[in-house]
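Just so it is clear: chains get the letters A, B, ... in the order the sequence lines come, proteins before strands, and each one is counted from 1.
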2 protein chains.
Amino acid sequence: MTEPTAARVFQALADSTRRDMVERLTDHALSVSALAAPYDMSLTAVGQHLAILEAAELVVTQKTGRVRTCALTRSGFDILEGWLKARRSRWEQHLDRLGEILDDDHTF
Amino acid sequence: MTEPTAARVFQALADSTRRDMVERLTDHALSVSALAAPYDMSLTAVGQHLAILEAAELVVTQKTGRVRTCALTRSGFDILEGWLKARRSRWEQHLDRLGEILDDDHTF
DNA sequence: ACAATGATCAAGTTTTAACTTGACTATTTC
DNA sequence: GAAATAGTCAAGTTAAAACTTGATCATTGT
């Protein structure tokens, strides 16, 4: 619902449990309980993580009967990629100037 | 140095001040004071943010005299891109299965 | 019908991250 | 060599995430 800014996506992926959820959802969709199974935390907590992943548009869910099924969705990842590409292209325009200041070959 | 895992990079970029710092460093290298100038916080706080960006290998710094110059560096961004690409490619192998469960065209 | 399952809500606690203060060091500049 | 500038350190506070507990609800299986 809320707009999936880069802020939301980075915040969502900053947590290791949520990154692991994304990891596991990469292979197959899962119910909330199935998603929760490996973690040593309450189902409520998992639901809270899920809400954050949904707000970041990394995950979509759909409730059928009493089961909510969770799957990855594209938009959050697209935002991430867009953010990266934007910075990569701006960086390339300024190589020269940075080179003058830091003659470190790791310089972005 | 600490290894720049995806965890560190996402955590670093989860904070809006740090994202803004990256934003500003995209155009030109800056001293710590210059970097701190726009923010309504102590120089110490800025130094702490900087340390996090360095640990994530998004920024490199170099002290010459009493001035520390900060510039973007490649590795953190490469890790981010690698993480994204890895998930994109694994996702493509499972389109079919997800399609069965959620017939939502937003499905990742 | 009733028990079990899957999930959700409101309201608290705990843990972690962000930020502050005050003192201190090293380099310049006057 | 004194004063201003640039940055750093240790230790504390504040604010924000992460997580819990104890209900509650709707759906499904017996």
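Residues meeting the side chain to side chain donor-acceptor pair (under 3.5 Å) test with Arg68(A), sequence neighbours left out: Thr61(A). Residues meeting the salt bridge (Lys or Arg N to Asp or Glu O under 4.0 Å) test with Asp20(B), sequence neighbours left out: none. Scanning for side chain to side chain contact (heavy atoms under 4.5 Å, CB included) contacts around Ile52(A) gives Ala12(A), Arg18(A), with sequence neighbours left out. For Thr17(A), the side chain to side chain contact (heavy atoms under 4.5 Å, CB included) partners at least two apart in sequence or on another chain are Asp15(A), Met21(A), Tyr39(A), Met41(A), His49(A).
At whole-Å resolution of the value, CG in Leu50(A) and C1' in dA17(D) are 17 Å apart. What separates CZ of Arg19(A) from C1' of dA18(D) is a distance of 14 Å, to the nearest Å. Residue Arg68(A) contributes atom CZ, which lies 9 Å from atom P of dC9(C) at whole-angstrom precision. The separation between Lys63(A) atom NZ and dA26(D) atom P is 10 Å, rounded to whole Å.
Taking CG of Leu35(A) as the reference point, atom OG1 of Thr69(A) lies at 11.0 Å (rounded to 0.5 Å).
Side-chain atoms of Arg90(A) never come within 3.5 Å of backbone atoms of Thr26(B) as a donor-acceptor pair (strictly under, hydrogens ignored).
Axis angle across the helix from dA1(C)-dT30(D) to dC30(C)-dG1(D), with five pairs used at each end and values rounded to 10°: 20°.
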With B for base contact, S for sugar-phosphate-only contact and - for none (protein heavy atoms under 4.0 Å), nucleotides 17-30 of chain C reads -SBBBB----BS--

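Leu50(B) and Val67(B) are not part of a single hydrophobic cluster, where members link through side-chain heavy atoms under 4.5 Å apart.
Ring geometry for Trp83(B) versus Phe77(A): interplanar angle under 30°, hence parallel rather than tilted (30 to 60°).
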